[in-house]
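The figures that follow rest on heavy atoms only: side chains count, while hydrogens, waters and symmetry mates do not.
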2 protein chains.
Amino acid sequence: MTLTELRYIVTLARERHFGRAAEKCHVSQPTLSVALKKVEQRFGITLFERSSADVRLTPIGEQIAAQAERVLEESARLQEIARQGKNPLVGPLRLGVIFTIAPYLLPRLIPSLHARAPDMPLHLQENFTVRLGEQLRRGELDAIVVADPFVEPGIVTGALYDEPFAAILPSGHPLTAKEILAPRDIVGENLLLLGPGNCFRDQVVQACPQLSEPGGTEGAREGSSLETVRHMVASGAGMSIVPISAALSWPAQDELLQLRRFSEPGPQRRVVVAWRASFPRPQAIDALRQAVADALPASAVPVRR
Amino acid sequence: MTLTELRYIVTLARERHFGRAAEKCHVSQPTLSVALKKVEQRFGITLFERSSADVRLTPIGEQIAAQAERVLEESARLQEIARQGKNPLVGPLRLGVIFTIAPYLLPRLIPSLHARAPDMPLHLQENFTVRLGEQLRRGELDAIVVADPFVEPGIVTGALYDEPFAAILPSGHPLTAKEILAPRDIVGENLLLLGPGNCFRDQVVQACPQLSEPGGTEGAREGSSLETVRHMVASGAGMSIVPISAALSWPAQDELLQLRRFSEPGPQRRVVVAWRASFPRPQAIDALRQAVADALPASAVPVRR
DNA sequence: GGGTGTCAATAGTCATTGGCTATCGAAAAT
DNA sequence: ATTTTCGATAGCCAATGACTATTGACACCC
């Protein structure tokens, strides 16, 4: 059973003439003749009654030809699907972004990516790095935006930008006296951290020497999101460290909150996009990376490609 | 595009494992591997994302696999149609019978043929020989029962039986005095004939010498069917000649009508079945001929095969 | 009634295809 | 580090499907 054979059947059924049908199929008359004879003896059925006058369909041939036409129709639809699926920038991209980046990156990223790839809708998810990583490996997500380092077998990454950290302090806090902070200024301060699971928490801990010692985070207060931390700081519960892109998205004139940058080279993290090495639409990843480059959060530091 | 390839796609989509899928398709793993790679590069699409962990369908692959399944489904239905159409004694036989035979043959033929080929319904038509011949040539009928000779290009015939003629006379007609008639007894009698178009009319004319002379049928009265002729004879309008199978189907004790046979060898006609030489179900014709042999009209003379 | 033309079937040849075995290479698991 | 797993590759071969040239059957026509 071959689709070519079915095409022969259908064409001959229409033309009722071997020569013309062969021409329509772009084959020679003997080819058509032999092919149909083969089909008939494979089925054990005569599909066409040949007399010198003309070629007629038998009743069973009529049924077969009709059904063959249906098969060809469906296979044509298949080819159409394949044709339309050819463009890698068509079809959804399932993107995961960690909690501490999503709210500050996506508002600028989405329109930028939409401009580059209007037929690639985003299916978005915000979550912790570990959850995103699992889903990426399982093929439930196509790409995730996380903090470097992100090393997993079968997963490759590309840098997006560097994101400096900044301190937020309640108005009147002693450290607000300094325009620029040094990392060691933090030592001994009452530091608010994100809850466990947020990779940003670990990055802050790494960046602040005293916190990485055993028991260093004991007694530290925790917030469940950067927004919670911001409000806790504003209410005087202590100071905190946040990505500067988050801080700059907040109202600059907040009377209760002061922002201080660190002296260079201050603490920062690198934001990367990760995807399966086997992901078949690298062009979609490229588009994403370029869209991010065009839509960098305020104060992010571009990475040279 | 091959149905085999589609089968590969569908199976791999189900198994998500080249080795197992290959086994299910009864081919080697490299065969499957190569075939799918070929399909993918022909389409210009990646259907399956292979990682060392497992094989996953891409979104477009999902669509393709679903459509491929539909194609295979339709092609399976095609094969099913072919399988069922294999028996030549299944499916209708379009049979034509001339007016002067149908009413006397069919009542016995139909049950006989039904017993031999219960799944071959008869599509029946009664008509003149010429009409039946046209439809047979055009493929609108599969077989026709007519009187010999019936010679047409591309048409072959087989004898069914010989049918003697008999005379019917109104009671009291002088010829009723004889038990057996000689053909020359008819000369000068007032003979009722069938209307033009009925081949039986021509056969009677041929059988009766004086009628075939120019102007021999002038003044002969005509009836439109054997039944009409019968009633015309019964009402005293003249005598007639009919096939004995017709006469014997009539009530034997009809007081108004007398039946007389001819002395051997009397006039008769041979009844044959005709079909296109290219008709693809000769077994159906065989069944028909055997059914006729089993259901000969009364007084018909069987023909040795 | 013997050419003539038409049309499908057959013969013979050849390139392509689709399948196999054996082996490789990458990645995980032990 | 070694072994195992699994898909990809290489190389080979038989089967397939297409071609050209020709035959055979059948109407048609002068």
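With hydrogens and angles ignored, the 3.5 Å screen pairs a side-chain donor or acceptor of B:Arg281 with a backbone N or O of B:Pro88. Side chain of A:Gln67 to main chain of A:Ile64: no donor-acceptor pair is present (N/O by atom type, distance under 3.5 Å, no hydrogens or angles).
Partners of A:Thr11 according to the side chain to side chain contact (heavy atoms under 4.5 Å, CB included) rule, which considers only residues two or more places apart in sequence or in another chain, are A:Arg7, A:Glu15, A:Ala21, A:Lys24, A:Cys25. Qualifying side-chain hydrogen bond (donor to acceptor under 3.5 Å, both in side chains) partners for A:Gln84, counting only residues two or more places apart in sequence or in other chains: A:Glu80.
The phosphate of D:dC19 has OP1 or OP2 within less than 4.0 Å of a side-chain N or O from A:Ser28. The phosphate of C:dA9 has OP1 or OP2 within less than 4.0 Å of a side-chain N or O from A:Arg50.
No side-chain donor-acceptor contact under 3.5 Å links B:Arg138 and B:Gln135.
In B:Arg131, the CZ atom is not crowded: 12 or fewer heavy atoms of neighbouring residues, nucleotides or ligands sit closer than 6.0 Å.
In the region residues 1-10 of chain A, proximity to DNA chain C at under 4.0 angstrom, judged on heavy atoms, holds for none of the residues. Less than 4.0 Å separates DNA chain C from at least one heavy atom of each of the following residues of residues 29-37 of chain B: B:Pro30, B:Thr31.
Atom CZ in A:Arg56 sits roughly 13 Å away from atom P in C:dA8 (whole-Å rounding). Residue B:His17 contributes atom NE2, which lies 15 Å from atom P of C:dA28 at whole-angstrom precision.
Put simply, CG on A:Asp54 and OG on B:Ser278 are 9.0 Å apart, with the number rounded to the nearest 0.5 Å. With rounding to the nearest 0.5 angstrom, the CG atom of A:Leu78 is 9.5 Å from the CG atom of A:Leu3. Rounding to the nearest 0.5 Å gives a distance of 8.5 Å between CG of A:Leu95 and CG of A:Asp142.
Screening residues 27-37 of chain B for salt bridge (charged side-chain N to carboxylate O under 4.0 Å, His left out), with sequence neighbours left out, gives no hits.
With axes fitted over five pairs at each extremity, the angle between the ends of the helix from C:dG1-D:dC30 to C:dT30-D:dA1 is 10° (10° resolution).
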Working note: B:Arg56 + B:Glu62, criterion salt bridge (charged side-chain N to carboxylate O under 4.0 Å, His left out); need CA distance, chi angles, decisive distance, verdict. CA-CA 9 Å; B:Arg56 254 190 305 277; B:Glu62 201 109 40; over 6 Å; no

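The residue among B:Ser51 and B:Gly154 whose nearest nucleotide of DNA chain D lies closer to the 5′ end is B:Ser51.
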